[in-house]
Amino acid sequence: MPELPEVETVRRQLAPRLEGRMLVVYRVSDPRWTAPRAPNEVLGPLVGRRVERLQRRGKYLIAAFEDELFLLMHLRMTGNLLYDAEPGAPYTRAILGFDDEHTLSFVDPRRFGTGWLLAGEPELDAYLDARLGVEPFSDDFTGEHLRALARGSRAPVKAFLLDQRRIAGVGNIYADEALFRARVHPLREAGRLTRAQWELLRDTVREALSEGIDANGASIDDFRDLDGARGSFQDRFLVHRRAGEACPVCGGPVRKLLAAGRGTYVCERCQPRPRGARIVPMTR
DNA sequence: GTGATAACCTGGGTGC
DNA sequence: TGCACCCAGGTTATCA
């Protein structure tokens with residue numbers, strides 16, 4: 001599933017190929033990609049304009065065109081961006097053609113991904129600020145900041161990490177890996193974590209995300225990089241998707257349970273279960 | 001205001 | 001073998 005490292009992987013590969021290029025043509029085969037706006041409303045204004053830079057904010061990939069026009073793309077669960085994909089590749093939702101005769105295809109079997117146009121920096125900032133919290137690699141991402149955000153919260157810390165309005169870019173995989181490394185149970189109430197636990201969690205979130213970026217992301221089912229190659233972070237998972245296997249630290253069993261409505265992997269020897277936590281085991 | 005849940009969507013896995 | 005059902009999960013809307 002594309003989370004921050006997967007989107008950053010695509011951004012790093014795509015930026016040198018796209019920056020400076022002019023959009024000359026587009027074809028949208030699935031209008032849902034730009035819904036509720038029509039594809040022409042979203043992509044029409046970009047034709048004849050050059051990409052000045054490619055940015056990432058949370059899980060959004062942002063192509064900044066001339067005249068402060070911004071194309072926001074979100075891969076959601078199964079979206080992929082492919083460079084010079086085969087014509088007629090299955091599940092292609094949109095194709096952008098550039099003045100160097102290369103193409104960028106948005107491919108997405110489950111059709112959750114989106115493309116969105118924003119005009120002007122203020123509109124971009126307002127859109128992102130309403131949806132996204134602190135960036136994990138920014139100076140503001142501190143244990144003290146996280147602790148302040150969680151003060152009084154009774155939500156499980158797993159739900160807290162997944163809430164994009166608080167922390168931008170962390171998804172199910174990296175939340176599991178960060179919590180395991182910090183030895184914090186995903187069902188522990190966010191507001192009850194100690195200062196030391198927040199400091200540690202801040203470090204392990206960054207650590208897991210950095211390793212993910214170094215590995216060009218994780219490819220469990222669908223994610224591929226720009227050229228269709230798989231990432232390798234899935235080979236370094238410590239607990240995620242390892243139910244029934246031995247914990248790499250203590251040898252205890254890795255369990256799968258439900259937290260924040262998501263399949264969640266945990267070693268309850270390393271991550272002690274909070275008193276009174278209601279466990280919903282998952283068998284699949 | 002906060003937290004939980006459903007809906008969106010479709011490929012793949014499971015059970016009968 | 002074939003069919004029906006369930007699950008996966010990021011985001012948003014809705015409900016309690």
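These figures come from a predicted structure and were not determined experimentally. Residue numbers start from 1 in every chain, and the chains themselves are labelled A, B, ... in the order their sequence lines are given, proteins ahead of strands.
Across every non-hydrogen atom of A/Pro136 and A/Phe141, the tightest pair is O-CD2, 3.2 Å. A/Leu258 approaches A/Gly263 most closely through the heavy-atom pair CD1-N, 4.4 Å.
Applying the salt bridge (charged side-chain N to carboxylate O under 4.0 Å, His left out) test to every pair with at least one member in residues 22-48 of chain A, sequence neighbours left out, gives these pairs: A/Asp30-A/Arg93, A/Asp30-A/Arg111.
Of the side-chain N and O atoms in A/Arg166, one or more sit less than 4.0 angstrom from OP1 or OP2 of B/dG3. In this structure, A/Gln164 does not reach the C/dG10 phosphate: none of its side-chain N or O atoms is under 4.0 Å from OP1 or OP2. Side-chain N/O atoms of A/Arg131 include none lying less than 4.0 angstrom from OP1 or OP2 on C/dG10. Look at A/His74 and you won't find any side-chain N or O under 4.0 angstrom from OP1 or OP2 of C/dG10. Between C/dA8 and A/Lys256, a contact under 4.0 Å exists linking OP1 or OP2 to a side-chain N or O.
The CZ-P distance, from A/Arg192 to B/dG3, rounds to 13 Å in whole Å. The distance between atom CG of A/Asp163 and atom C1' of B/dG1, rounded to the nearest whole Å, is 13 Å. Following rounding to the nearest Å, A/Leu61 (CG) and C/dG10 (P) show an atom-to-atom distance of 17 Å. Put simply, CG on A/Leu149 is 16 Å from C1' on B/dG1, counting in whole angstrom units. In this structure, CG of A/Asn172 is placed 12 Å from P of C/dT11, rounded to the nearest angstrom. At whole-Å resolution of the value, CG in A/Leu72 and C1' in C/dG10 are 15 Å apart. B/dT5 atom C1' lies 16 Å from atom NZ of A/Lys158, rounded to whole Å. Spacing between atom CG of A/Leu162 and atom C1' of C/dT12 amounts to 15 Å, rounded to whole angstrom units.
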Note to self: How would you summarise protein contacts on nucleotides 6-11 of chain B per nucleotide, using B for base, S for sugar-phosphate only and - for none, with heavy-atom distances below 4.0 Å?
What the structure shows: --BBBS

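Salt-bridge check for A/Asp176 with A/Lys158: passed, with a basic side-chain N closer than 4.0 Å to an acidic carboxylate O. Salt-bridge annotation for A/Arg11 and A/Glu8: present, with a side-chain N of the basic residue lying under 4.0 Å from a carboxylate O of the acidic one. One finds a salt bridge joining A/Glu211 and A/Arg181 here, because a Lys/Arg side-chain nitrogen approaches an Asp/Glu carboxylate oxygen to under 4.0 Å.
At a threshold of 4.0 angstrom between heavy atoms, the contacts of A/Arg151 with the nucleic acid are absent. Residue-level contact check: A/Ser153 touches the backbone only, with heavy atoms under 4.0 Å from sugar-phosphate atoms and none from bases.
No donor-acceptor pair under 3.5 Å is formed between the side chain of A/Glu207 and the backbone N or O of A/Thr204.
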Check: Given A/Glu19 and A/Arg53, is the salt bridge (charged side-chain N to carboxylate O under 4.0 Å, His left out) satisfied, shown in steps?
Finding: CA-CA 5 Å; A/Glu19 288 175 353; A/Arg53 61 193 180 282; over 6 Å; no

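Over its length, the helix from B/dT2-C/dA16 to B/dC16-C/dG2 turns its helix axis by 60°, as judged from the five terminal pairs at each end, rounded to 10°.
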